[in-house]
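Presented below is the structure to which this report refers.
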Amino acid sequence: MIYQPYCVSGSHDSFSFWVDEKSPVAPDQGASIKRLAKISLVKRVMKKWSVTQNLTFKEQLESGIRYFDLRVSSKPEEAGPDIFFIHGLYGIKVWDGLKEINDFLTNHDKEVVLLDFNHFYAMDYGHHLYLVKMLKEVFGNKLCIADCVENITLQHLWEKKKQVLIFYHYNIWNDYSFLWPGNKMPAPWANTTNVHKLIQFLETTLGERSKRGTFHVSQAILTPRAKTIVRGLKSGLKNTLVHRNLPVILNWVKTQRPGALGVNIITSDFVELVDFAETVIGLNYLLLKGKKDSS
């Protein structure tokens with residue numbers, strides 16, 4: 001049973017269930033936002049648009065999420081090596097989030113997660129060494145050695161007692177056997193507020209995906225423009241874009257099929273608002289049914 005053709009549910013900006021509006025603006029924001037944020041109201045607005053999940057890591061795992069989209073940064077304003085999750089504002093410490101995931105895996109030894117470290121901010125080589133050491137310390141023998149994607153089957157992972165695949169989008173990956181290169185986890189981004197353009201983009205990129213050698217993330221998310229934020233200043237991301245469009249996105253998910261040419265990993269904002277994880281996971285029964293019918 002090959003892991004890659006099967007369908008995995010994921011969350012977008014997985015860590016953003018908590019951001020600190022009292023902290024400085026994070027390094028992923030430009031100078032103009034940082035100047036504006038000196039006005040206290042601005043950070044409250046930023047929080048409404050930075051939070052893309054309500055559930056903690058543990059709650060997401062319990063709901064069926066197995067792929068995590070992770071963006072991390074040092075905090076230049078503070079001394080010390082600590083690294084934080086960020087999305088506009090600083091979130092929790094990476095150490096705390098990883099420990100929460102590891103605790104779940106320790107209690108569920110047949111579960112496997114994919115951790116995609118795809119954005120790094122204010123991090124020099126020393127910060128990367130610190131983060132990689134942290135990953136090794138937290139997950140230890142659960143880490144899966146980078147391999148040919150087609151070799152990664154659930155049976156293989158269970159036999160080897162491996163539960164964590166880490167994708168690292170920085171060139172330090174080739175120095176560590178347990179870091180998978182970021183190009184093994186492409187995640188094309190539609191960058192649109194229009195749900196119909198999003199679905200068209202998802203269909204197009206699925207048609208263009210590699211048949212072998214990589215996983216593939218379908219980012220079923222809408223991205224606000226500046227004018228979107230201005231119009232929905234008080235309501236925030238969830239009430240302006242996500243709530244009314246998620247049913248349309250979920251309907252698209254229901255029409256998909258997993259497999260080498262189909263969907264693989266699908267991510268969403270606010271995964272608890274609809275039966276997102278359950279619907280994505282349910283697609284795997286189509287693949288299993290197809291195998292039984294052909295045997």
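Quick caveat: nothing in here was measured; it's all calculated off a predicted structure.
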Please list, chain by chain and in numerical order, all residues satisfying salt bridge (charged side-chain N to carboxylate O under 4.0 Å, His left out) with Asp116, sequence neighbours excluded. none
Residue list, salt bridge (charged side-chain N to carboxylate O under 4.0 Å, His left out) with Lys162, at least two apart or on another chain: none
Donor-acceptor pairs under 3.5 angstrom involving side-chain atoms of residues 86-93: please list them, not counting sequence neighbours.
from  : atom 1 : to    : atom 2 : distance (Å)
His87 : ND1    : Asp13 : OD2    : 3.4
His87 : ND1    : Ser50 : O      : 2.7
His87 : NE2    : Asp13 : OD2    : 3.1
Tyr90 : OH     : Glu77 : OE1    : 3.3
Lys93 : NZ     : Asp82 : OD2    : 3.2

So does Lys58 pair up with Glu62, basic N to acidic O under 4.0 Å? yes
Salt-bridge criterion met for Arg44 and Glu21 (N-O under 4.0 Å): no
Residue pairs meeting ring pair (Phe, Tyr, Trp, His ring centres under 6.0 Å), one or both in residues 21-64, sequence neighbours left out, come to Phe17-Phe57, Phe57-Phe68, Phe57-Phe85
Determine which pairs satisfy ring pair (Phe, Tyr, Trp, His ring centres under 6.0 Å) with at least one residue from residues 228-284, sequence neighbours left out, and list them in order. none
Of Tyr67, Phe167, Tyr6, the one forming a ring pair (Phe, Tyr, Trp, His ring centres under 6.0 Å) with Phe215 is Phe167
Once side chain to side chain donor-acceptor pair (under 3.5 Å) is applied, do any residues pair with Ser11, and if so which ones, sequence neighbours excluded? Ser14, Gln60
Pair His12, Asp269: side-chain N/O donor-acceptor within cut-off below 3.5 Å: yes
Check: Lys161/Asn141 side-chain N/O donor and acceptor closer than 3.5 Å: no
Mutual orientation of the aromatic rings belonging to Tyr170 and Tyr168 [parallel < 30°, tilted 30-60°, perpendicular > 60°]: perpendicular
Heavy atoms of Leu179 and Leu135 approach each other most closely as CD2-CD1, 4.3 Å
